[in-house]
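Before any comments, here is the structure.
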Amino acid sequence: KSGKRPFMLVDVSLCIGCHACVNACKFENGLALKQFNTWIETWDAGEYPHVVRANVPHLCNHCDDAPCLAVCPTGATYRNDDGLVLVDQEKCIGCKYCMAACPFSVRWQNDDGEVEKCTFCVNRTSAGLLPACVSTCVTRARYFGDLDDPSSDIAKKVADVGGEALFADLGLNPSVLYVGLSQVEGLPATSAIHRGGNVVKPYEG
């Protein structure tokens, strides 16, 4: 490994659900209308006049203990030198084991049957740029950098405010943490929850 740990911190109290990140990701990665590498779960909570809208961005968590890695039968899902969990589409046979294993529902199949997902914009970050979703966030709700570099903004931010993992009880040690997640998850939904994400094709057996 390179000695780096690419890491993202998302402050849900700052997320306004504008979908700038979602659209920037689509543009950067050439995704079709119903394909998402990142998406936002949204619901309303509270009672009039004290109503708030909760927004929780979702993306691949690039887990240290990634369940998708363990179930891939061909090695298509792999970890690169920087610790990112990526997909080698030349090896992907479209079995969808990884999609079933991922608790975050952030993988999807392209028209050729190969699985795709968020790569932390490895094409950008390997050149020293920020992921598209981070660089376009209008409220700076997303932070990104090398967590193993104590002088980096992300390391300082995590040291300052900590962070919570989605499905922390699974113990996957993800590379995405959230600020304010427990407060948002504790809000009872008073509207339908829009889960966004990729359209799952109905079973046609």
Side-chain angles (χ1 to χ4, degrees), residues 1-2 4-8 10 19 21-42 56-127 131-134 142 144 147 164-178 181 185 193-205:
K1 290 186 65 172
S2 65
K4 297 180 180 179
R5 184 169 186 196
F7 202 87
M8 189 177 294
V10 182
H19 288 79
C21 57
V22 176
N23 290 310
C25 174
K26 280 181 170 293
F27 184 80
E28 177 67 30
N29 295 288
L31 305 185
L33 184 63
K34 295 180 180 180
Q35 299 169 343
F36 299 86
N37 282 350
T38 187
W39 50 277
I40 299 175
E41 183 177 15
T42 299
V56 179
H58 291 258
L59 68 158
C60 174
N61 280 230
H62 296 277
C63 308
D64 266 4
D65 186 15
C68 55
L69 271 171
V71 301
C72 180
T74 66
T77 292
Y78 70 100
R79 192 183 305 279
N80 77 354
D81 290 341
D82 286 341
L84 298 179
V85 177
L86 303 174
V87 180
D88 182 345
Q89 293 184 350
E90 295 293 321
K91 296 180 179 179
C92 181
I93 57 174
C95 67
K96 298 193 284 191
Y97 287 178
C98 61
M99 293 174 66
C102 174
F104 306 105
S105 302
V106 291
R107 288 176 167 240
W108 53 276
Q109 273 187 306
N110 62 29
D111 291 341
D112 294 324
E114 298 150 349
V115 172
E116 299 192 40
K117 64 171 198 65
C118 161
T119 66
F120 272 174
C121 282
V122 65
N123 56 311
R124 292 172 57 92
T125 54
S126 61
C133 62
V134 177
R142 297 191 187 216
F144 181 84
L147 189 66
E164 303 169 86
L166 277 174
F167 309 130
D169 56 319
L170 297 179
L172 302 178
N173 196 18
S175 294
V176 177
L177 291 180
Y178 294 81
L181 183 65
E185 289 185 327
I193 297 177
H194 173 66
R195 300 202 182 278
N198 304 296
V199 176
V200 178
K201 294 179 181 178
Y203 176 66
E204 296 175 353

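Partners of F104 by ring pair (Phe, Tyr, Trp, His ring centres under 6.0 Å), not counting sequence neighbours, listed by chain and number: F167. The side-chain hydrogen bond (donor to acceptor under 3.5 Å, both in side chains) search around N123 returns E28, not counting sequence neighbours. For F144, the ring pair (Phe, Tyr, Trp, His ring centres under 6.0 Å) partners are F120, not counting sequence neighbours. Taking A165 as the reference, A168, P174, L177 meet the side-chain contact (heavy atoms from CB on, under 4.5 Å) condition, with sequence neighbours excluded. Here V71 pairs with Y97, A101 under the side-chain contact (heavy atoms from CB on, under 4.5 Å) rule; sequence neighbours left out. In terms of the side-chain contact (heavy atoms from CB on, under 4.5 Å) criterion, residue partners of Q89 (sequence neighbours excluded) are, by chain and number, V87, N110, E114, E116.
Rounding to the nearest 0.5 Å gives a distance of 9.0 Å between CG of L69 and SG of C63. Summarising the geometry, atom CG belonging to N29 is positioned 6.0 Å from atom OG1 belonging to T119; distances are rounded to the nearest 0.5 Å. The distance from atom SG of C72 to atom CD1 of I93, rounded to the nearest 0.5 Å, is 7.5 Å. C60 SG to M8 CE: the interatomic distance, rounded to the nearest 0.5 Å, is 10.0 Å. The OG1 atom of T38 sits 9.0 Å away from atom NE2 of H19, with the distance rounded to the nearest 0.5 Å. Annotation: the span from S126 atom OG to D81 atom CG amounts to 12.0 Å, rounded to 0.5 Å.
In this structure, P6 and S175 approach most closely via the heavy-atom pair O-CB, 3.6 Å. Taking every heavy atom of both residues into account, A132 and R124 meet most closely at N-NE, 3.6 Å. Across every non-hydrogen atom of Y78 and D88, the tightest pair is CE2-N, 3.7 Å. Taking all atoms of both residues into account, the shortest heavy-atom contact from R107 to C102 is CD-CB, 4.5 Å.
Without hydrogens or angle criteria, K26 side chain to Q35 main chain gives a donor-acceptor distance under 3.5 Å. For the pair R79 (side chain) and D64 (backbone), a donor-acceptor distance under 3.5 Å is present. Between the side chain of N61 and the backbone N or O of L59, at least one donor-acceptor pair lies under 3.5 Å. Within the 3.5 Å criterion, the main-chain N or O of D82 finds a donor-acceptor partner in the side chain of N80. Side-chain atoms of K117 never come within 3.5 Å of backbone atoms of W108 as a donor-acceptor pair (strictly under, hydrogens ignored).
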Exercise. Between V106 and C118, is a side-chain contact (heavy atoms from CB on, under 4.5 Å) present by the stated rule, with each step listed?
Worked result: CA-CA 8 Å; V106 291; C118 161; over 6 Å; no
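Counting heavy atoms from C-beta on, the side chains of C121 and N37 never come closer than 4.5 Å.
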